[in-house]
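Computation of the quantities below employed the complete heavy-atom set of this structure, encompassing side-chain atoms and omitting hydrogens, waters and symmetry-equivalent molecules. Chain A is the first sequence line, chain B the second, and so forth, proteins listed ahead of strands; every chain is numbered from 1. Source: prediction; values computed, not measured.
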Amino acid sequence: MTITKTLTDWYSVNKRDLPWRRTKNPYHIWLSEIILQQTQVNQGLPYYEVFVSNYPTIFDLANAKESAVLKLWQGLGYYSRARNLHTTAQYIVKELSGRFPDNYKALLKLKGVGDYTASAIASICFDEVCAVVDGNVYRVLSRYFGVKTPINSSIGQKEFKALAQQLIDKNNPAEFNQAIMDFGSRQCKPKSPDCSVCPLQNDCQAYINNSIANLPVKVKKTRVSKKHFNFLVFISHDNKTILEKRTQRGIWQNLYQFPLVETQSSIKYNEMKSHLKTFPITNNGYDRLSLFNKEDIIHKLSHQHLHTKFWIVEIEHLPKQSILIEKIRDYPVPVLLSNFIEAFNF
DNA sequence: AAGCCGGGGGT
DNA sequence: ACCCCAGGCTT
């Protein structure tokens with residue numbers, strides 16, 4: 001039995017019933033694939049339901065405001081996906097009259113759509129024989145064939161793409177692609193895979209050589225940098241506060257935050273007080289400065305640890321760009337801030 | 001080729 | 001503490 005047949009047989013029995021598997025609508029498949037980039041099914045599932053419900057068609061998404069899209073995306077991370085999603089929806093509506101691209105080459109031109117996503121949409125929606133290579137595919141193939149080429153090298157990416165393309169079921173590329181991904185996700189897991197009941201056990205090179213834990217090979221380690229964030233939570237006597245849009249490139253682009261003072265190290269009350277005096281809006285003084293969290297809140301991103309203090313600044317009057325505190329939940333904010341907003345009783 | 005971009009979950 | 005996730009973009 002070939003690995004192709006084994007995988008599709010396994011899938012026919014173990015296939016999960018997921019909402020994006022009940023449709024071939026390219027708009028819906030595209031939505032699901034963008035949401036699932038670097039995101040596990042269980043985390044992405046509720047977001048998919050929300051997006052389909054709020055934006056039933058690509059026209060609805062194109063007509064939305066970016067901040068509304070980001071608000072629905074809030075908490076999912078990698079926010080460039082949401083920005084690209086919106087941009088691409090507008091592009092398809094305006095330039096392609098709302099007709100979704102229907103082949104790999106054309107799909108690849110869309111912003112936010114790379115080799116994996118173009119292959120997924122082309123195969124699932126249009127039966128194009130295009131093999132997907134995601135984290136699951138790397139793992140299954142590297143173990144089964146004992147391939148030690150690093151999966152995050154350009155040579156490795158080409159090698160695994162060619163291998164997957166060679167194995168794909170040409171009569172049913174959609175089923176094969178989803179089969180190998182589902183298999184990797186639920187059977188051939190990164191840690192403690194279920195080898196004892198694996199249908200590929202007899203031919204799996206990694207299992208035979210007892211090297212399951214060493215495959216796939218991945219080089220480079222992400223270095224984590226440490227940053228110190230001080231957020232200024234202004235509260236005026238007429239129940240307003242200040243939120244700023246992060247317009248610069250980098251994390252959380254186009255999300256909102258309280259005015260931020262980034263420092264090289266953890267600062268104390270008096271140092272914050274000096275910083276505060278340099279703020280134009282405090283020219284007329286403020287009533288009180290207090291620290292919300294005694295211990296730093298350490299917000300861990302994949303490549304940064306954010307040591308965070310929330311400073312409460314009670315103030316008589318705020319300028320016009322301030323917002324009503326009761327409207328604060330309308331704005332898309334990072335999880336770090338939404339956690340604070342929920343914890344702090346304004 | 002390497003770095004950047006989130007947040008949640010598993011071990 | 002470290003790894004991974006239905007990756008893609010920028011430099």
Side-chain angles (χ1 to χ4, degrees), chain A residues 11 16 18-21 29-48 70 73-85 87-88 107-124 130-140 150-158 160-161 164 174 176-186 188-193 213-225 246 248-255 298-306 332-339:
Chain A
Y11 187 61
R16 281 179 290 183
L18 299 168
W20 47 85
R21 288 185 174 158
I29 297 298
W30 168 66
L31 265 181
S32 74
E33 293 299 345
I34 301 297
I35 287 171
L36 291 173
Q37 287 171 4
Q38 290 293 288
T39 304
Q40 300 196 144
V41 167
N42 286 340
Q43 190 188 1
L45 193 47
Y47 286 84
Y48 175 80
L70 284 169
W73 200 271
Q74 179 177 309
L76 200 52
Y78 286 149
Y79 296 93
S80 65
R81 291 183 292 171
R83 299 193 302 270
N84 289 335
L85 195 73
T87 302
T88 293
L107 287 161
L108 201 52
K109 293 178 181 170
L110 303 177
K111 198 171 287 186
V113 174
D115 181 81
Y116 163 77
T117 306
S119 301
I121 301 172
S123 61
I124 293 171
C130 246
V132 296
V133 182
D134 72 334
N136 296 306
V137 176
Y138 281 125
R139 191 168 51 256
V140 172
I151 60 174
N152 54 351
S153 63
S154 52
I155 181 73
Q157 289 173 21
K158 286 179 187 170
F160 282 97
K161 176 78 178 182
F176 176 82
N177 277 341
Q178 295 180 86
I180 191 169
M181 289 192 287
D182 228 15
F183 182 83
S185 170
R186 304 170 62 208
C188 193
K189 295 175 289 188
K191 305 288 182 184
S192 55
N214 303 326
L215 291 170
V217 174
K218 203 171 183 178
V219 292
K220 308 173 212 169
K221 303 129 194 167
T222 54
R223 287 189 299 280
V224 178
S225 65
R246 292 181 63 99
Q248 70 277 26
R249 281 179 28 250
I251 60 169
W252 304 331
Q253 188 182 346
N254 289 4
L255 272 65
I298 304 176
H299 189 69
K300 294 181 177 181
L301 307 181
S302 50
H303 60 301
Q304 294 178 19
H305 286 187
L306 308 176
V333 297
V335 164
L336 174 60
L337 268 72
S338 67
N339 286 346

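Straight-line distance from the OH atom of A:Tyr78 to the P atom of C:dC5: 11 Å, rounded to whole Å. The nearest whole Å value for the distance from the CD1 atom in A:Ile35 to the P atom in B:dG7 is 16 Å. Regarding A:Arg249, its CZ atom lies at a distance of 11 Å from the C1' atom of B:dC5, rounded to whole Å. Rounded to whole angstrom, the span from the CG atom of A:Asn339 across to the P atom of B:dG7 amounts to 9 Å. As a whole-Å value, the separation of A:Ile151 CD1 from C:dC4 C1' is 10 Å. Put simply, CH2 on A:Trp30 is 16 Å from C1' on C:dG7, counting in whole angstrom units.
Using a 4.0 Å cut-off, no side-chain N or O of A:His303 falls inside it from OP1 or OP2 of B:dC4. Regarding contacts with the backbone of C:dC5, every side-chain N or O of A:Gln40 stays at 4.0 angstrom or more from both OP1 and OP2. Residue A:Gln304 places at least one side-chain N or O under 4.0 Å from the OP1 or OP2 atom of B:dC5.
At a threshold of 4.0 angstrom between heavy atoms, the contacts of A:Asp115 are confined to the sugar-phosphate backbone, with no base atom among them. Residue contacts for A:Lys111: at a heavy-atom cut-off of 4.0 Å it reaches the sugar-phosphate backbone alone, with no base atom in range. Using a 4.0 Å heavy-atom criterion, one finds that A:Val113 contacts the sugar-phosphate atoms exclusively.
Pairing for B:dG7 is with C:dC5, a Watson-Crick or G-U wobble pair whose two hydrogen-bonding atom distances lie under 3.5 Å.
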